[in-house]
Amino acid sequence: MEVDGVLLDEPVRAPLAADWALSHGISALTTAQVATLLGVPSTQVPQRLAVPVQRTQWVSPARGLWVPVPPQYRGWGGPPALEMVADLARFAGVDYYVGWLSAAGLYGAGHQAAQVTQVAVSRTVRPRTVGRARLEFYTRGRATTAETRTHTVRTGPVRLATPELTVLDLTTDILAGGGLDNVATVLVELADGPGLDVTELVRLADGFSLAAVRRAGWILDRFTSTGGLDALSDVGAHRYRRPSRLSPHAPDAGPVDRRWQLRVNRTVEVEA
């Protein structure tokens with residue numbers, strides 16, 4: 001018998017199964033694989049794991065997917081979200097990347113830790129809570145094509161939005177970023193921390209709304225020392241001359257910044 005590439009001489013008892021999986025570097029198993037591990041029919045797996053689940057030795061972030069929980073996380077009700085997201089995406093058959101405030105936090109940006117792990121996916125996945133871990137999923141076509149970085153966690157590599165992709169995702173989805181003031185604060189910290197490649201922002205701009213590109217440029221121009229922003233300003237000038245709104249949730253009123261063709265329809269406060 002073989003379970004996730006590991007040869008198995010005999011079935012493992014259910015109370016020992018999670019520790020067996022962890023000791024063999026296995027981060028998740030399907031119901032069929034657990035059935036092989038326990039030496040029972042697949043229909044019996046939920047019953048056999050009922051007590052281990054109550055003891056938080058296992059969690060099931062999706063029907064048919066079982067994640068063994070390391071002892072240090074059993075008091076949390078499950079492992080951190082980042083340790084489950086790659087297995088969950090693979091099981092669901094979707095492309096993904098971790099983005100928005102979650103990506104920014106991993107780059108050291110954001111005064112407050114994100115309360116949820118925000119993930120772009122190539123098709124709809126329902127949000128879920130597993131123990132302390134809360135996951136929100138945003139359906140985005142670029143989840144399949146975006147160039148990402150690798151962030152390594154205990155369970156292996158995780159796809160992470162680049163700082164530039166994070167900037168444009170945040171200026172697109174202001175509410176997901178905690179509001180305009182928080183988005184501006186995060187952009188400032190990204191510019192000051194890992195730094196931003198304006199050439200890469202320009203390359204990515206065609207995949208985002210003009211309003212998102214203009215917001216990003218205006219914030220970086222107004223609150224950071226990022227250089228080379230003329231190229232980003234040119235993107236907005238050439239595509240459409242009607243001003244976009246700085247805040248999509250405020251009235252279309254206020255002065256227009258002609259460099260960015262952006263109507264500054266509210267004040268922005270960046271947290272120091």
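Residues: numbered from 1 along the sequence shown.
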Report task. Check whether the side chains of Arg159 and Thr148 place a donor and an acceptor atom closer than 3.5 Å, and report yes or no. Result -> yes

**Report entry** Distance, nearest 0.5 Å, that separates OG1 of Thr171 from CD1 of Ile174
**Finding:** 6.0 Å

Result block: side-chain N/O donor-acceptor pairs under 3.5 angstrom for residues 49-66, not counting sequence neighbours:
unit_1 : atom_1 : unit_2 : atom_2 : d
Ser60  : OG     : Ala62  : O      : 2.9
Ser60  : OG     : Leu65  : O      : 2.8
Trp66  : NE1    : Thr31  : OG1    : 3.0

Report summary line: The side chain to side chain contact (heavy atoms under 4.5 Å, CB included) partners of Thr139 (sequence neighbours excluded) come to Val121, Thr124

Query - Thr172 side chain vs Ala212 backbone, donor-acceptor pair below 3.5 Å - result: no

Report task. Drop me the distance from Asp221's CG to Ser233's OG, to the nearest 0.5 angstrom. Result -> 8.0 Å

Query - Minimum heavy-atom distance between Leu88 and Arg128, given as atom pair plus value - result: CD2-CD, 3.9 Å

Requested in this report: Go through Arg259 and Asp230 one step at a time and tell me if the salt bridge (Lys or Arg N to Asp or Glu O under 4.0 Å) criterion holds.
Outcome: CA-CA 9 Å; Arg259 170 169 163 79; Asp230 285 348; 2.7 Å; yes

Query - Glu2 atom CD, over 12 foreign heavy atoms within 6.0 Å - result: yes

Query - Ion pair Arg142/Asp169, N-O distance below 4.0 Å - result: yes

Report task. Apply side-chain contact (heavy atoms from CB on, under 4.5 Å) to the pair Tyr96 and Thr144, showing each step before the final yes or no. Result -> CA-CA 7 Å; Tyr96 82 97; Thr144 298; over 6 Å; no

Query raised in the report: Any sub-3.5 Å donor-acceptor pair from Arg74's side-chain atoms to Val69's backbone N or O?
Result: yes

Query raised in the report: According to a 4.5 Å side-chain heavy-atom criterion applied to Ile, Leu, Val, Met, Phe, Trp and Tyr, with indirect links allowed, do Val158 and Tyr73 form part of one hydrophobic cluster?
Result: no

Report summary line: The reported gap from CG in Leu262 to CZ in Arg245 (rounded to nearest 0.5 angstrom) is 11.0 Å

Requested in this report: Show your working on salt bridge (Lys or Arg N to Asp or Glu O under 4.0 Å) between Asp87 and Arg154 and close with a plain yes or no.
Outcome: CA-CA 12 Å; Asp87 285 315; Arg154 178 187 60 86; over 6 Å; no

Requested in this report: Before giving the answer on side-chain contact (heavy atoms from CB on, under 4.5 Å), spell out for Leu232 and Val213 the whole-Å C-alpha distance, their side-chain angles and the decisive distance to 0.1 Å.
Outcome: CA-CA 8 Å; Leu232 193 63; Val213 175; 3.8 Å; yes

Query - Spacing of Arg149 atom CZ and Thr166 atom OG1 [to the nearest 0.5 Å] - result: 9.0 Å

Query - Check: Glu136 and Thr117 side chains under 4.5 Å, non-hydrogen atoms - result: no

Query - side-chain contact (heavy atoms from CB on, under 4.5 Å) between Asp173 and Leu170, intermediate numbers included - result: CA-CA 5 Å; Asp173 302 309; Leu170 286 169; over 6 Å; no

Requested in this report: Would you check if the side chain of Glu83 reaches a backbone N or O of Pro80 as a donor-acceptor pair within less than 3.5 Å?
Outcome: no

Query raised in the report: Parallel under 30°, tilted from 30 to 60°, perpendicular over 60°: which one fits the rings of Tyr97 and Trp100?
Result: parallel

Report task. Examine Phe91 and Val98 and state if one hydrophobic cluster contains both, with Ile, Leu, Val, Met, Phe, Trp and Tyr joined whenever side-chain heavy atoms are less than 4.5 Å apart. Result -> yes

Requested in this report: Could you verify whether a donor N or O on one side chain and an acceptor N or O on the other, from Ser247 and Asn265, lie under 3.5 Å apart?
Outcome: no

Query - Closest heavy-atom pair and its distance - Ser122, Ala143 - result: N-CB, 3.7 Å

Report task. Please test Thr162 against Leu165 for side-chain contact (heavy atoms from CB on, under 4.5 Å), starting from the C-alpha separation and ending with a verdict. Result -> CA-CA 5 Å; Thr162 63; Leu165 177 56; 3.3 Å; yes

Requested in this report: Kindly indicate whether the side chain of Thr224, heavy atoms from C-beta on, has any atom under 4.5 Å from the side chain of Leu187.
Outcome: no

Requested in this report: Examine Leu22 and Leu37 and state if one hydrophobic cluster contains both, with Ile, Leu, Val, Met, Phe, Trp and Tyr joined whenever side-chain heavy atoms are less than 4.5 Å apart.
Outcome: no

Query raised in the report: How would you list, by chain and number, every residue that makes a side chain to side chain contact (heavy atoms under 4.5 Å, CB included) with Asp197, sequence neighbours excluded?
Result: Glu164, Thr199, Glu200

Report summary line: Between the CZ atom in Arg13 and the CG atom in Leu38, the distance rounded to the nearest 0.5 Å is 11.0 Å

Query raised in the report: Honestly curious: do Leu220 and Phe208 fall in one hydrophobic cluster under the side-chain, below-4.5 Å linking rule?
Result: yes

Query - For the student: nearest non-hydrogen atoms of Val270 and Thr185, plus distance - result: CA-OG1, 3.6 Å

Report task. Taking atom types as modelled, find out whether Ser244 and Arg214 have a side-chain donor-acceptor pair closer than 3.5 angstrom. Result -> yes

Query - Which atom of Gly99 lies closest to which atom of Ala161, heavy atoms considered - result: CA-CB, 4.1 Å

Query - Taking every non-hydrogen atom, the tightest pair across Pro248 and Leu246 - result: CD-O, 3.7 Å

Report summary line: Value for OG1 (Thr155) from CG (Leu82), rounded to nearest 0.5 Å, stands at 8.5 Å

Query raised in the report: Under 4.5 Å between any side-chain heavy atoms of Leu101 and Gln118, yes or no?
Result: yes

Query - Under 3.5 Å: donor-acceptor pair, side chain of Asp181, backbone of Glu269 - result: yes

Query raised in the report: Is there a donor-acceptor pair closer than 3.5 Å between any side-chain N or O of Arg263 and the backbone N or O of Gly254?
Result: yes

Report task. Determine yes or no for a side-chain-to-main-chain donor-acceptor pair under 3.5 angstrom, with Thr152 supplying the side chain and Pro157 the backbone. Result -> no

Requested in this report: Could you tell me whether the side chain of Thr226 reaches within less than 4.5 Å of the side chain of Val198, counting heavy atoms only?
Outcome: yes

**Report entry** Minimal non-hydrogen separation, Val186 against Ala104, with atom names
**Finding:** CG1-CB, 3.5 Å

Query raised in the report: Hey, any chance Met84 and Val153 share a hydrophobic cluster, counting ILVMFWY side chains that come within less than 4.5 Å of each other, even indirectly?
Result: no

